[in-house]
Amino acid sequence: MSPLLDGLNQEQLEAVTHGQGPLLVIAGAGSGKTRVLTRRIAYLIEEESIHPSQILAITFTNKAAAEMKVRVADLIGPEAKGMWVSTFHSACVRILRSHGDALGYGKNFAIYDSDDSEKLISLVIGSLGLDSKRFPARSLAGQISNAKSELVSPAKLADRASHIMERRVAEVYRIYEERLKAANAMDFDDLIVNTYLLFDEHPAVLDYYQRRFVHLLVDEYQDTNVAQNGLVMALGDKNRNVFVVGDSDQSVYGFRGADMRNILEFSKNFDDAKVIKLEQNYRSTQNILKVANAIIAQNSNRLEKNLWSDQGDGDKVKMFVGSDQDEEANFVATTIHKENAQGTRFGDMAVFYRINSNSRSIEEALIRRAIPYRVVGGTRFYDRKEIRDVVSYLRLLVNPNDEMSLRRVCNTPKRGVGDASVLRVFEFSQSQSLPAFEAFRRASEAGVSGRALTGIASFINLIDDLTKLVADQTPPMAIIEQFLEKSGYREELSASGQVDDLARLDNITELIGVASEHQSLEEFLDSVALVAQADQIQDDNVVTLMTVHTAKGLEFDLVFLTAFEDGIFPHSRSLYDESELEEERRLCYVAVTRARKKLFVTRASKRFVFGSESASVPSRFIDEFPPSLIEDVSQPKSYDELRSRYFDRSRSNDSDRNSTSSGISPTQLAKFSQRQSNPGPRLEPSQVKVGIKVVHGSWGEGFVEEVSGSGSSMTAVIRFRGLGAKKVMISHAPLKLA
DNA sequence: CGTTTACGTTTTTTT
DNA sequence: AACGTAAACG
């Protein structure tokens, strides 16, 4: 027997060796679906003589795609490189870059993220004279996105509208689409929708891809939306070799249009589809699984299945209630510390929360205990102002009519181009049907004069100069360098001398580092546009903090599920809608099933929400945990524990920070965690000696005054100029030799 | 045109 | 509490 099939159970084997035709794999949490997918691909190539280029595999994140490629290559060798393994969005970009012109888009179209599209929608709302209170951009962006993900065009939405408000939404949608097209830009949803339309309207293109992709494999099928499902159906229509894997119990993206029906009705779309259920869990202890099963059993809208494991019972789920969020966070940090002392790697522990804002108190507690961690998600690196500025410039060099980028940077750095002038230029562009950049060139005709006109002229010169570099195929990293010099952007930041601005320069340096890994500007920009939060996860032995959504697909020995309170988890917006509550419950199921060995569920009796303190009620889901599988660990059990709590508190209060009560300032926190997420060349613990001069990424130069501990837990007291002495963890802090 | 100030809004979750 | 936008001032 081929080694490809070693160690597979009966169902896994059946899935991997499935012949032709559609197959639905219902894969419970931890049932080895990644394994099945990779083996399946390898099997197709090795045993069924399918060429790698004939395979299209869709994963949920770019990181998962990269990993899958590596795993398949491990099995069958480097020829796996020719496969398309990517997310829906990446695959669509690839298709649209080569065939999107058939839809009237240039090949150099820009990709708008949700920020860009919300701002553009906001402009449209303004241009229609609508009241931004009654028509919030955010809400409209959501409605438009939902329409798109269900393949509803502006015209259809207008037809369907029964109320004046809805007609307005449809109108905004229509004009938004026009503006996108004029800017030669697509938003995230367009990438999917336009690929769908491309196939729908151009049978020859569809035919080409149908012939090319003999086998389709799609992971996380429960999280596909109508448009994505339509794409799969279209592509798979010819060969019908559609292999989808999913678990409707883990569908947690309903809010962005994901539709469980795609998986529930797969067998209707393909009436000859074979269905295989994977129910043996290889990940968690029995107790954890029993809890998970009990929770998800409360949902009515689901396919029955029962996960089982032949592993031992393991620990009970430990519950902790703190008096407030700090006590809760302290418990988490203390427990992590203890578990680490007993041999669990930091990298095998994770802290989950329902909403990003809950990371704050946890971070503070971890910093106090000098525990290395990384926050995944939250404010993304690519959402930082300086990064967006640079990226906008780069986008303009590829597509000068990218309206949102033009608006963002035509006065960055300051050139005296104010709102009024920008408005004139864009009105001129629209009234004369001129491409946006052309309107900038003819700004004087648009009625711009004086300082603003000079500013625009120098802006255009800058873009023209930089565009020449692109034409000469200058590497992206060199283009950024040139931009920083010629535009005066670097000078503006370094001249200000503000700590924040220096941190921004660091971020840009980091962006240059990422850019250096890319050959062409276009390719670099595509990768920037499509990074997922989960793509930032890397294995370097630190505790991972993230939302439950981001944690989907991951696993850890030890998991903390925090802020488990009604209104937070389940979220207050879903309390009164049964189907939304079911989605929250699935989310809870996802959280619980991430844990291999130990699960801690924590909450606080009161917590700060919107800056004021409010009482918290335990999550209603707690009642669904089988009582016999819960252990309450709230009461401090030993003198040691009491003492360590006291110790933590007092230390947090008498720190030498000159800031106010609440400990760590948000900007410090941001810098700290951002540093975590992007490790650069660091100072080795062994290099640190009392008396040496070092440079800290955010705090500048300082002298080492004291050193204690060793290896990864080594700490030093460093005196920074103007800031006093700080205690830092060497392996954790952004330190370099001065 | 740009900076400062006041007020209102925010927190679901993300490609 | 923190951030962004709208209004007021220089």
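Below, chains carry the letters A, B, ... as their sequence lines are ordered, and counting in each starts from 1.
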Closest nucleotide among dG2(B), dC1(B), dT11(B) to the K414(A) side chain: dG2(B)
How close or far is atom P of dC1(B) from atom CG of D419(A), stated in whole angstroms? 8 Å
Check whether any side-chain heavy atom of V531(A) lies under 4.5 Å from a side-chain heavy atom of F381(A), and answer yes or no. no
Non-hydrogen side-chain atoms of M68(A) and L37(A) separated by less than 4.5 Å: yes
Would you kindly compare L587(A) and G418(A) by the position of their nearest DNA chain B nucleotide and give the one closer to the 5′ end? G418(A)
In whole Å, what is the span from the CD atom of E580(A) to the P atom of dT11(B)? 16 Å
When the distance from CD1 of I568(A) to P of dT10(B) is rounded to whole Å, what number comes out? 18 Å
Measuring to OP1 and OP2 of dT15(B), would you say a side-chain N or O of N62(A) lies under 4.0 angstrom away? no
Please work out if F60(A) contacts a base, only the sugar-phosphate, or nothing of the nucleic acid, heavy-atom cut-off 4.0 Å. nothing
OP1 or OP2 of dT15(B) versus the side-chain N and O atoms of N225(A): is any pair under 4.0 Å? no
Side chain of F610(A): nearest nucleotide among dT15(B), dT11(B), dT13(B)? dT11(B)
OP1 or OP2 of dT14(B) versus the side-chain N and O atoms of S114(A): is any pair under 4.0 Å? no
At 4.0 Å (heavy atoms only), tell me whether D113(A) reaches a base, stays on the sugar-phosphate, or touches nothing. nothing
Before we go on, tell me: are the rings of F255(A) and Y253(A) under 6.0 Å apart, centre to centre? yes
At 4.0 Å (heavy atoms only), tell me whether S357(A) reaches a base, stays on the sugar-phosphate, or touches nothing. base
Think N358(A) has a side-chain N or O under 4.0 angstrom from the OP1 or OP2 of dT11(B)? no
Is the ring centre of F255(A) under 5.5 Å from the base ring centre of dT13(B), and are the two planes under 30° apart, so that they stack? yes
Which residue lies more 5' along DNA chain B, comparing V609(A) with F188(A) via nearest heavy atoms: V609(A)
Calculate the interatomic distance between D535(A) atom CG and dT15(B) atom P; express it in whole Å. 7 Å
In Å and rounded to the nearest 0.5 Å, what is the OG to CZ distance from S361(A) to R607(A)? 6.0 Å
Measure OH/Y589(A) against C1'/dT13(B) and give the value in whole Å, please. 19 Å
Just compare dT11(B), dT9(B), dT13(B) and give me whichever is closest to any side-chain atom of K133(A). dT9(B)
Counting only Watson-Crick pairs (N1-N3 plus N6-O4 or O6-N4) and G-U wobbles (N1-O2, O6-N3), all under 3.5 Å, who is the partner of dT11(B)? none
Atom-pair distance (CG on D189(A); P on dT15(B)), nearest Å: 13 Å
Among dC1(B), dT15(B), dT11(B), which nucleotide sits nearest the side chain of A452(A)? dC1(B)
Using OP1 and OP2 only, check whether a side-chain N or O of S421(A) sits under 4.0 Å from dC1(B). yes
NZ of K148(A) versus P of dT14(B): gap in Å, rounded? 21 Å
Does R407(A) make a cation-pi contact with F426(A) (under 6.0 Å, within 45 degrees of the axis)? yes
What nucleotide among dC1(B), dT15(B), dT11(B) has an atom nearest to a side-chain atom of R451(A)? dC1(B)
Which part of the nucleic acid, if any, lies within contact of T61(A), taking any heavy atom under 4.0 Å across all strands shown: a base, the sugar-phosphate backbone alone, or nothing? nothing
Rounded distance in Å - CZ (R360(A)) to C1' (dT11(B)): 14 Å
If only side-chain N and O atoms of T547(A) are considered, is one of them under 4.0 Å from the OP1 or OP2 phosphate oxygen of dT14(B)? yes
Below 4.0 Å: OP1/OP2 of dT11(B) and any side-chain N or O of R138(A): yes
Under 3.5 Å, is there a donor-acceptor pair linking the side chains of T602(A) and E328(A)? yes
When you compare dT13(B) with dG4(C), how far apart are their P atoms, in angstrom units rounded to a whole number? 16 Å
What contact category does D187(A) fall into here, base, sugar-phosphate, or nothing, at under 4.0 angstrom with non-hydrogen atoms? nothing
Verify the distance criterion only: is there a donor paired with an acceptor across the side chains of S90(A) and N62(A) at less than 3.5 Å? yes
